[in-house]
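Naming convention: chains lettered A, B, ... in sequence-line order (proteins, then strands); numbering from 1 in each chain. Scope of the values below: all heavy atoms of this structure, side chains included, with no hydrogens, waters or symmetry mates.
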Amino acid sequence: MTTQTTTALRTHSCGVLRTSDVGAAVRLAGWVDSNREHGEGLVFIDLRDRAGLTQLVFELESTTSEMVDPARKLRGEDVIAVEGVVRERLGGKNPRLETGDIEVVVQKLTILNKAESLPMRPTDKEGLPGEETRLRHRHIDLRRPRMQQILRTRHRVGQIMRAFLDNRGFSEIETPILFKTTPEGARDFLVPSRHHPGMFYALPQSPQILKQILMISGMDRYFQIVKCFRDEDLRADRQPEFTQLDIEMSFIEQEDVIELMSELFREMWREILGVEVGDIPRMTYHEAMERFGSDRPDLRYGLELVDISDIAQKTDFKVFTGALEKGGVVKAIRVPGGAKLTRKITDGYAEFVKQFGAGGLPVTKIENGAFATGVARFVEPVQKELMERLDCEEGDLIAFGADTRAVACRSLGELRIRIARDMEMVPAHGEQWKFLWVVDFPLVAWNEDEKRWDSMHHPFTAPTAEDLEKLETDPGSVLANAYDIVLNGSELGGGSVRIHSSDVQKRVFRLLGLGEEEARMKFGFFLDCLRHGAPPHGGIALGLDRIIMHLCDTDNIRDVIAFPKTQSGMDAMAGAPSEADAKQLDELFIKSTWTGEKQPG
RNA sequence: GGGGCGGUAGCUCAAUUGGUUAGAGUACCGGACUGUCGAUCCGGUGGUUGCGGGUUCGAGUCCCGUCCGCCUCGCCA
């Protein structure tokens, strides 16, 4: 890290002094990390800033008791400045510190700011406070070296992205935060308009339409590191406001985006981790769903789903035959060494898959070369065939999913992840980086509740040229020019080639049940743009927060955001959201209907 | 909206089957100490057991409600 840290108050940071500096007169400033006081004659202070720790020595041999006595009273997080001389440590060196070979003998101490006793200590060592405390006192939590390292990495990643794209002719262009509903399909955050009573801006769920308009405007290559807003429930990797690297390019095909982004990921992993990512393989959406039961498969372990419908057909097991009669499938996962899983555990798995719509989880084990326990007697007749298909070995467990294709794949896919975790088959962080492009997504998916087709990606995604003719006749089979980048089972981003013809756009809107009038009201301005000369274009958006999570080895998105929100969307530090005062509301012609009672239904 | 886990000193945690005055470490305060490095040693302050109600001779512990945090399904690319 090259850093210019010299200021009026200091000559060096707390992380840079070495034996080569012995004899130098220095001034340092920072926070008191610890105080080791040995009476009126000798005090050690560890001084901390973002660069590291430096040991300060106050001793009567070198200075007066007017300097040593105040040092004895220093407490954690007091802010001080000192003047002194660097010398080699007298009492043994500290190999755990980069500055552990030297110490600074202090001649002058200035107390810049005493700290009151703290609700928490900013230490990475054991006994980290609960997350609620950390979020409430974020100013202290962010003093922890770990948090500083994460935010510093986040900054560097942003710089890498900017330099990478700048070198390739991209322009960073800002787009409005106060805008209009955008087509991602999540709930919008709304901002009331004072000039236009009763009307609202929507915060963008992404700058999707705007970046497409920039392409129509001839900007050719756009990017932005930008906040996006979605008013949906939170998860460990989801915040209501999150950051994307948003990209759009003109006169391109899918391949251009994939190649460019692959190179960006290689560069980020090389620069931050010193890891060579290499070529990033591709897999179709269909294959990902069939083999892994997920559109973001984790390729770091096996446990693949295998279709055994044809074999299951030959059994008298009603769970199998019933599913097949209804047009479903039977799939299986072989769990190597899974025979040691207890009944209690496999019952737990059965409960687990129920939340994804499965009726239950038939299992059996391979003991003494044959099926034993569970549904063994039902699958006994096809034992040889089944064991061959699944490559079974002694001590395996077989778990079955018999249901509609969607439910069987999804439930076994989720189970696969859970089993891998339980059986410790997931490599430790940094051991394997399994990047994957998932391609050939369907354009639309059937929404059973609403009885209509929904966009898989968003309504501006282009169907492949070959499938264009099936748009009206067989929409479910139409593939899209859409792609996702996946790493170790987590989706890092996705994009598509866009529709650049207003005719195709209208047909897709019609397919989505978006009437002429509704489409005109929501996106009419954009349809007009498409008619005025739109170049072929496409792009992608990467989830910056999730990328940082991988680079910094955390599974908590709040760790990579300086001021994140809690699961209920609150800012624990500032106490947002909060009530607005009556005057503000009057100006906006807003009146809350909140009665303190939850709405029924 | 549903399911799960949790909330005890500033912080991290303990408290047997429901049973005496709710403990420990750390932080903080006072004292001792000239080579420590998460200093050590001695002493001390510190509690509405999230909040409200109930059961009981007796509740940190059991029951109901509620708030907050985390995980998760739905939701959301």
Side-chain angles (χ1 to χ4, degrees), chain A residues 33-46 53-62 68 72-73 75-77 89-97 99-100 103 115-137 140 183-187 205-206 208 228-240 242 244 295-296 351-357 410 414 418 438 441 445 449 454-458 461 482 484-486 490-496 540-543 546 555-556 558 565-568 570 572 598-601:
Chain A
D33 199 66
S34 70
N35 178 348
R36 298 180 294 279
E37 179 220 341
H38 289 255
E40 55 193 28
L42 180 67
V43 179
F44 297 101
I45 300 289
D46 283 342
L53 289 180
T54 297
Q55 173 164 292
L56 309 178
V57 188
F58 297 77
E59 55 181 16
L60 274 182
E61 288 165 17
S62 307
V68 180
R72 298 174 66 192
K73 295 211 166 58
R75 292 293 175 265
E77 304 311 304
R89 285 202 185 188
L90 295 181
K93 304 187 168 170
N94 185 346
R96 292 196 302 279
L97 288 183
T99 60
E103 60 194 10
E116 288 179 20
S117 78
L118 298 157
M120 61 178 280
R121 296 297 315 273
T123 172
D124 289 336
K125 299 187 176 102
E126 276 174 51
L128 191 66
E131 196 166 5
E132 204 174 349
T133 303
R134 290 177 48 207
L135 291 173
R136 200 185 314 284
H137 308 286
I140 301 175
E184 270 77 7
R187 200 174 287 115
Q205 295 176 30
S206 80
Q208 183 58 39
C228 303
F229 305 88
R230 294 175 192 173
D231 189 9
E232 296 294 344
D233 286 357
L234 277 55
R235 287 287 185 283
D237 62 352
R238 260 165 39 191
Q239 283 273 298
F242 60 99
Q244 286 188 342
D295 60 357
R296 45 182 170 88
E351 280 309 306
F352 177 73
V353 295
K354 280 179 190 171
Q355 43 179 347
F356 308 104
R410 170 93 202 277
E414 296 287 347
R418 165 116 187 235
V438 178
F441 278 83
D449 294 339
D454 277 347
S455 284
M456 200 89 167
H457 190 57
H458 57 56
T461 300
D484 276 3
I485 179 74
V486 171
S490 97
E491 184 203 322
L492 295 186
S496 62
I540 194 166
L542 306 181
R546 288 185 188 170
D555 50 15
N556 180 347
R558 294 174 297 279
K565 299 201 167 34
T566 68
Q567 193 164 47
S568 65
M570 294 208 290
K598 296 205 169 133
Q599 295 293 316

Please classify the nucleic acid contact of [X] as base, sugar-phosphate, or nothing, using heavy-atom distances under 4.0 Å.
X        : result
A:Leu53  : nothing
A:Glu131 : sugar-phosphate
A:Lys354 : nothing
A:Gly92  : base

Stacking check A:His38 vs B:rG35 (5.5 Å / 30 deg) =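 No; centroid distance or tilt outside limits.
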Going by purine N1 to pyrimidine N3 plus the second Watson-Crick contact, or the G-U wobble pair, all under 3.5 Å, which nucleotide sits opposite [N]?
N      : answer
B:rG69 : B:rC5
B:rG52 : B:rC64
B:rA59 : none
B:rA24 : B:rU12
B:rC33 : none
B:rG38 : none
B:rU17 : none

Does the [N] base have a donor-acceptor partner in the side chain of [X] within less than 3.5 Å?
X        : N      : value
A:Asp233 : B:rG74 : yes
A:Arg230 : B:rC76 : no
A:Glu61  : B:rG35 : no

Please give, in whole Å, the distance from [N] [atom2] to [X] [atom1]?
X        : N      : atom1 : atom2 : result
A:Arg235 : B:rC76 : CZ    : C1'   : 8 Å
A:Phe44  : B:rC37 : CZ    : P     : 9 Å
A:Lys125 : B:rC13 : NZ    : C1'   : 20 Å
A:Arg187 : B:rC75 : CZ    : P     : 11 Å
A:Glu40  : B:rU36 : CD    : P     : 19 Å
A:Leu42  : B:rC37 : CG    : P     : 12 Å
A:Asp454 : B:rA77 : CG    : P     : 10 Å
A:Gln355 : B:rC71 : CD    : P     : 16 Å

Under 4.0 Å between a side-chain N/O of [X] and OP1 or OP2 of [N], yes or no?
X        : N      : answer
A:Thr133 : B:rG10 : no
A:Thr566 : B:rG69 : yes
A:Gln567 : B:rU72 : no
A:Arg36  : B:rU36 : no

So if I take every side-chain heavy atom of [X] and compare against [options], which nucleotide ends up nearest?
X        : options                : answer
A:Asn94  : B:rU34, B:rC73, B:rC37 : B:rC37
A:Ser568 : B:rG69, B:rG74, B:rU36 : B:rG69
A:Glu132 : B:rC76, B:rC11, B:rG69 : B:rG69
A:Arg558 : B:rC71, B:rC76, B:rU72 : B:rC71
A:Glu103 : B:rC68, B:rG35, B:rC71 : B:rG35

Step-by-step salt bridge (Lys or Arg N to Asp or Glu O under 4.0 Å) determination, A:Arg296 to A:Glu491 | CA-CA 6 Å; A:Arg296 45 182 170 88; A:Glu491 184 203 322; 5.4 Å; no
Other residues, nucleotides, ligands: >12 heavy atoms within 6.0 Å of A:Asp555 CG |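 Open.
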Residue A:Glu232 excluded, over 12 heavy atoms near CD under 6.0 Å =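 Above 12, so yes.
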Counting distance only, does the side-chain N/O of [X] pair as donor-acceptor with the main-chain N or O of [Y] below 3.5 Å?
X        : Y        : result
A:Gln205 : A:Ala186 : yes
A:Arg89  : A:Gly100 : yes
A:Gln239 : A:Lys565 : yes
A:Arg558 : A:Ala236 : no

If I pick the [atom1] atom on [M] and the same atom on [N], what distance separates them, to the nearest angstrom?
N      : M      : atom1 : answer
B:rG1  : B:rG47 : P     : 37 Å
B:rU26 : B:rG65 : C1'   : 36 Å
B:rG18 : B:rC37 : C1'   : 48 Å
B:rC13 : B:rC70 : P     : 16 Å
B:rG19 : B:rG23 : P     : 15 Å
B:rU72 : B:rG10 : P     : 31 Å
B:rA59 : B:rG53 : C1'   : 13 Å
B:rC11 : B:rG38 : C1'   : 15 Å

Hey, are A:Arg238 and A:Asp233 close enough for a salt bridge, meaning a charged N less than 4.0 Å from a carboxylate O?
->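 A:Asp233 and A:Arg238: not salt-bridged.
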Please produce a list of atom pairs where a protein N or O lies less than 3.5 Å from an N or O of nucleotides 28-32 of chain B.
{"unit_1": "B:rC29", "atom_1": "OP2", "unit_2": "A:Arg75", "atom_2": "NE", "d": "2.8"}

Could you say whether A:Met570 or A:Glu232 is positioned toward the 5' end of RNA chain B, judged by the nucleotide with the nearest heavy atom to each?
->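 It is A:Met570, whose closest nucleotide lies nearer the 5' terminus.
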5'-most contact on RNA chain B: A:Asp33 or A:Asp295, nearest heavy atom basis?
->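 Per heavy-atom nearest nucleotide, the more 5' residue is A:Asp33.
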Are [X] and [Y] packed together at the side-chain level, in the sense that at least one heavy-atom pair is separated by less than 4.5 angstrom?
X        : Y        : result
A:Asn556 : A:Glu131 : yes
A:Arg75  : A:Ser117 : no
A:Ser455 : A:Thr461 : no

